[in-house]
Amino acid sequence: MLKSIIKNILVSEEEIDTIVTRLADEISRDYAGKNLVLVCVLKGSIMFTIDLAKKLDTVCEMEFIRTYSYGNATESSGEVKILVDFDRPDFAECDFLILEDIVDSGNTLKYLVEHIMSKGPKSVKTCTLLDKPSRRKVDFDPDYVGTVIPDEFVFGYGLDLFEKYRDLPYVAVVSPDYLASRGL
Ligand code: IMP
Ligand code: MG
């Protein structure tokens, strides 16, 4: 069943581990002595956030935010909404690092950076596990990138396919036949 949905595995469990270890090392170095607050963008970044946080060698706090962008399963409309936000009294003292599963059009992270910036933080940076720069619709570059991937719809390791398969330990490319069968 799952086999018929997967075209190929794009980032294996071992490759994810190598990427997350490298990112955690860079972030631990860059944020030593700072008030690091990880911002997990729900739901897609949950696996990435947990694995990255476990590998960090510096003290951090965690916040969770949930976004929604209208559109169909593979194409966002560009309009980003915050479904669940966080608040805290000490924005001015915090160095926020937003953790995303994937940057596609760039709308979500651009919007979230502006949203947190509007609260007067010490700093805001972004880190994405996957980046699809060929799909960018707005001018946005993440500060930390796990790996660049081609323009294909992927799922697993937090990323969903119609809300399912977030639990897979690897990132896979969905088969075109499956997408076609769902009218996409
Ligand atoms: P952006 O706002 O267009 O950059 O898209 C960001 C969001 O779209 C991500 O956080 C994902 O939730 C979703 N997304 C984009 N590409 C994919 C994909 O290939 N698979 C699953 N979700 C995706
Ligand atoms: Mg997401």
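We count ligands from 1, going down the list as the structure has it; atoms in each ligand are counted the same way. Below, all heavy atoms of this structure are taken into account, side chains as well, without hydrogens, waters or symmetry copies.
Ligand 1 lies less than 4.0 angstrom from a heavy atom belonging to Phe153. The shell of residues lying under 4.0 angstrom from ligand 1, judged by heavy atoms, excludes Arg135. Using 4.0 Å as the threshold, Gly106 has a heavy atom nearer than that to some atom of ligand 1.
No side-chain donor-acceptor contact under 3.5 Å links Asp177 and Ser175. In this model, no donor atom of one side chain and acceptor atom of the other lie less than 3.5 Å apart for Tyr157 and Asp101.
When ring centroids are compared, Phe91 and Phe86 come within the 6.0 Å threshold.
A donor-acceptor contact shorter than 3.5 Å links the side chain of Arg22 to the backbone of Gly146. Listed for the Ser45 side chain is no donor-acceptor partner under 3.5 Å among the backbone atoms of Phe48. The backbone N or O of Ser134 sits nowhere less than 3.5 Å from a side-chain atom of Asp151 that would complete a donor-acceptor pair.
When the heavy-atom distances from atom 13 (C) of ligand 1 to Val41, Ile102, Asp104 are ranked, the shortest goes to Ile102. With distances taken over non-hydrogen atoms, the option nearest atom 6 (C) of ligand 1 out of Leu109, Asp101, Thr108 is Thr108.
Polar contact with ligand 1: absent for Phe155 (N/O pair, distance under 3.5 Å). Below 3.5 Å of separation, one finds an N or O of Glu100 facing an N or O of ligand 1.
Judged by the 6.0 Å distance and 45° axis criteria, Lys164 is not positioned over the aromatic ring of Phe162.
The residue Lys137 has no part lying near ligand 1, judged by heavy-atom distances below 4.0 Å.
Each of the following atoms of ligand 1 lies closer than 4.0 Å to a heavy atom of Leu159: 20 (N), 21 (C), 22 (N).
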